Amino acid sequence: MNLSFKEKVYKIVKQIPRGSVLSYKGVAKKAGRPKAYRAVGNILNKNYDKKIPCHRVVKSDGKPGGYNRGLKNKVALLKREGVIIRKRKVVR
DNA sequence: CGTATGACGTGCA
DNA sequence: GTGCACGCCATAC
């Protein structure tokens, strides 16, 4: 594979449609490494890119997890896109 | 339900 | 070359 695991993760996250969220584990699975959910969190939190809606990636519990640009901003962005946040969790 | 622990894959300093 | 952080799961209390 030409692409490193992190590059695959970026590609998956970039394909997340507006108003939708995906868990770190879900991203890892789509990236071909379902057991590397830990790595996904590490990569996305440390490597923010404007082209990557990493604010649409949350924990399996629906909790926001981490965010390089500020956790409050992450929640605000999600709400702005139509994602409802209740008790620090995503309502589904 | 909240807190704690152990084990895991990957990237970075 | 080494250690750290990240999130998830199971188990325990």
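What you are looking at is a predicted structure, and each value in this text was computed from that prediction instead of being measured. Every chain is numbered from 1, with letters handed out A, B, ... down the list of sequences.
A:Arg56 is linked by a side-chain hydrogen bond (donor to acceptor under 3.5 Å, both in side chains) to A:Glu81, counting only residues two or more places apart in sequence or in another chain. Among residues two or more places apart in sequence or in another chain, the side-chain contact (heavy atoms from CB on, under 4.5 Å) test is passed with A:Lys79 by A:Val75, A:Ile85.
Residue A:Tyr67 belongs to a hydrophobic cluster whose other members are A:Tyr48, A:Leu77, with links defined by side-chain heavy atoms closer than 4.5 Å. Taking Ile, Leu, Val, Met, Phe, Trp and Tyr as members and joining any whose side-chain heavy atoms lie under 4.5 Å apart, directly or through other members, the hydrophobic cluster of A:Ile84 also contains A:Val91.
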Pairs of donor and acceptor atoms involving the side chains of residues 20-33 of chain A, under 3.5 Å and at least two apart or interchain, shall be tabulated with distances.
from: A:Ser23; atom 1: OG; to: A:Gly26; atom 2: N; distance (Å): 3.0

Between the protein and nucleotides 3-7 of chain C, list every N/O to N/O distance that falls short of 3.5 Å.
from: C:dA5; atom 1: N3; to: A:Asn42; atom 2: ND2; distance (Å): 3.3
from: C:dC6; atom 1: O3'; to: A:Asn45; atom 2: ND2; distance (Å): 3.4
from: C:dC6; atom 1: O2; to: A:Arg38; atom 2: O; distance (Å): 2.7
from: C:dG7; atom 1: OP1; to: A:Gly66; atom 2: N; distance (Å): 3.0
from: C:dG7; atom 1: N2; to: A:Arg38; atom 2: NE; distance (Å): 3.3
from: C:dG7; atom 1: N2; to: A:Arg38; atom 2: NH1; distance (Å): 2.5

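Judged by closest nucleotide on DNA chain B, A:Ala36 is the one of A:Tyr10 and A:Ala36 placed further toward the 5' end.
Between the P atom of B:dG9 and the NZ atom of A:Lys8 lies a distance of 16 Å, rounded to the nearest Å.
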